[in-house]
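Here's the structure, in structure tokens; my notes come after.
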2 protein chains.
Amino acid sequence: MRDLKREATREALAKAAFELTRERGLSGFVTADVVERAGYSRRTFGNHFSCKEEAVASVAFGGVDDASAILAGLPADLPLLDVLLAVMKTQFTTDALVRMRELMAMARRYPTLEPHVLGVQQRMRHTAQELLGSVAGDRYPTVYVPLLFGAVYGAVMAALEGTLDVDLGGEYDPSPASMDYSSFLDITFDYLRHGF
Amino acid sequence: MRDLKREATREALAKAAFELTRERGLSGFVTADVVERAGYSRRTFGNHFSCKEEAVASVAFGGVDDASAILAGLPADLPLLDVLLAVMKTQFTTDALVRMRELMAMARRYPTLEPHVLGVQQRMRHTAQELLGSVAGDRYPTVYVPLLFGAVYGAVMAALEGTLDVDLGGEYDPSPASMDYSSFLDITFDYLRHGF
DNA sequence: GCATCGATGTGCACATTGGGCAATTTTGCT
DNA sequence: AGCAAAATTGCCCAATGTGCACATCGATGC
């Protein structure tokens, strides 16, 4: 229950930082502005994040939350490829992707942000990959899981980046109109299933 | 020739920062130490990097250097999958991977380093992907290239991370003894060719 | 219910850093 | 040699990171 409190502060700070970036741009405010908006002290900010960028980026970390919930609904002997497809459809919801996409768009404006965005992506990848690994058990060779997951994750991120390229020039478009996530996943998994 | 000079300074600074990290740890030195070792001013350091971490991470950026050299040796109508395999074997040499691996090991010790390591990986990915895209032309559907490349790159990185996990506990081992890069690529591409 | 303990938020102090500005040196070109 | 562009430098100061001591709150045991 204590962790909830801590998480709340963290999220409040992150959210404030994120909104300020939207409003004034990354260099248009200082950490003091963030903590003022969220109602905390500058020192507390430092306890949670090491810099503005880290705070801003951390909003996109939609945790892979309830492992058991997903696994419960799946047959234990379902091929790993199908398990992964299910995970990608339920866990990486379009909501999470929209947030992530806006963040990636921000990172293009403010280059110092990019490393931290990548950091968040990395953490999400790890959590999801561990989840997948626990389902795989020893049905597959050891390289299989990281290989497969790396492929899917890389593909999704590459595609997400692609949607940023298409509507370049103007302000970024917060909604990824240019990407139909579900059918993209189908195409991806079709390639993975039958070969490139 | 001017760019060479600039690159030289940049590399000198990066190298100094990297070595200092090896010797004293990331928090065991300040930017002043770096510039002193490399023979530049503190202000110049700021012209090239925005922080210590960025400098340290940038050593692993082994540029994808001579596109024409690789393409010249390949038939123009070679399937993209084989082109990519060739690129991965020639461009991502084991040397570059060893450096990258040491950096990734450092990132485990010093978490603030990780985002910047990922930043370098991202830049490398972009350069290589553009190279691949120029070869692909319009032989394939638009999603094909980013999808394929994302898959391969993700897989390689996941595998590289895997070699860090196996010999955990002691100091890290600078040589990736636990990974045979070439045969790993073969396995990877076999999966990609015929499906998972 | 109350005491204790560990973890979280806070205030303060200070070294480190990032980056604007102008001056100075170096480089590329003619 | 001479000129323009670019790289490096020094100076300066606001912003940042972080150690320390302290207050506060939740949890655990009596």
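All of these numbers come straight from a predicted model, not from anything done at the bench.
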Measure the distance from NZ on B:K5 to P on C:dC29 and round it to the nearest whole Å.
-> 16 Å

State plainly whether the residues B:E161 and A:R125 are in salt-bridge range, i.e. N to O under 4.0 Å.
-> yes

So which protein N/O to nucleotides 4-6 of chain D N/O distances come out below 3.5 Å?
residue : atom : partner : partner atom : Å
D:dA5   : N3   : B:R2    : NH2          : 2.9
D:dA6   : O4'  : B:R2    : NH2          : 3.3

Hey, is the side chain of A:R42 pairing donor to acceptor with the base of C:dG9 inside 3.5 Å?
-> no

Lys/Arg N to Asp/Glu carboxylate O, A:D77 vs A:R139, below 4.0 Å = no

Does a side-chain N-to-carboxylate-O contact under 4.0 Å join B:E23 and B:R37?
-> yes

D:dG10 C1' sits how many Å from B:Y40 OH, rounded?
-> 17 Å

Salt bridge flag under 4.0 Å for residues B:E114 and B:R108 | no

Phosphate contact (C:dT17 OP1 or OP2) by B:T31 side-chain N/O below 4.0 Å = yes

Please identify each residue that fulfils side-chain hydrogen bond (donor to acceptor under 3.5 Å, both in side chains) with B:S27, with sequence neighbours left out.
-> none

Over-ring placement of B:K52 relative to B:F29, 6.0 Å and 45° cut-offs = yes

Whole angstrom value for the distance that separates P of C:dT26 from CG of B:L4 = 18 Å

In residues 44-60 of chain A, what residues come within less than 4.0 Å of DNA chain D, judged by heavy atoms?
-> A:S50, A:C51, A:K52

Distance in angstrom units between A:D33 CG and D:dA15 P, rounded | 9 Å

Main-chain N/O of A:L80 paired with A:Y140 side-chain donor or acceptor, under 3.5 Å | yes

Expected output: side-chain A:Y153 to main-chain A:Q121 donor-acceptor under 3.5 Å = yes

Is there a donor-acceptor contact under 3.5 Å from the side chain of B:R10 to the main chain of B:H48?
-> yes

Phosphate-side-chain proximity, A:T9 and C:dG9, N/O vs OP1/OP2 below 4.0 Å = yes

Answer with yes or no whether A:R43 presents, from its side chain, a donor or acceptor under 3.5 Å of a partner atom in the base of D:dG17.
-> no

What is the distance, rounded to the nearest whole Å, between atom CG of B:L26 and atom P of C:dT17?
-> 10 Å

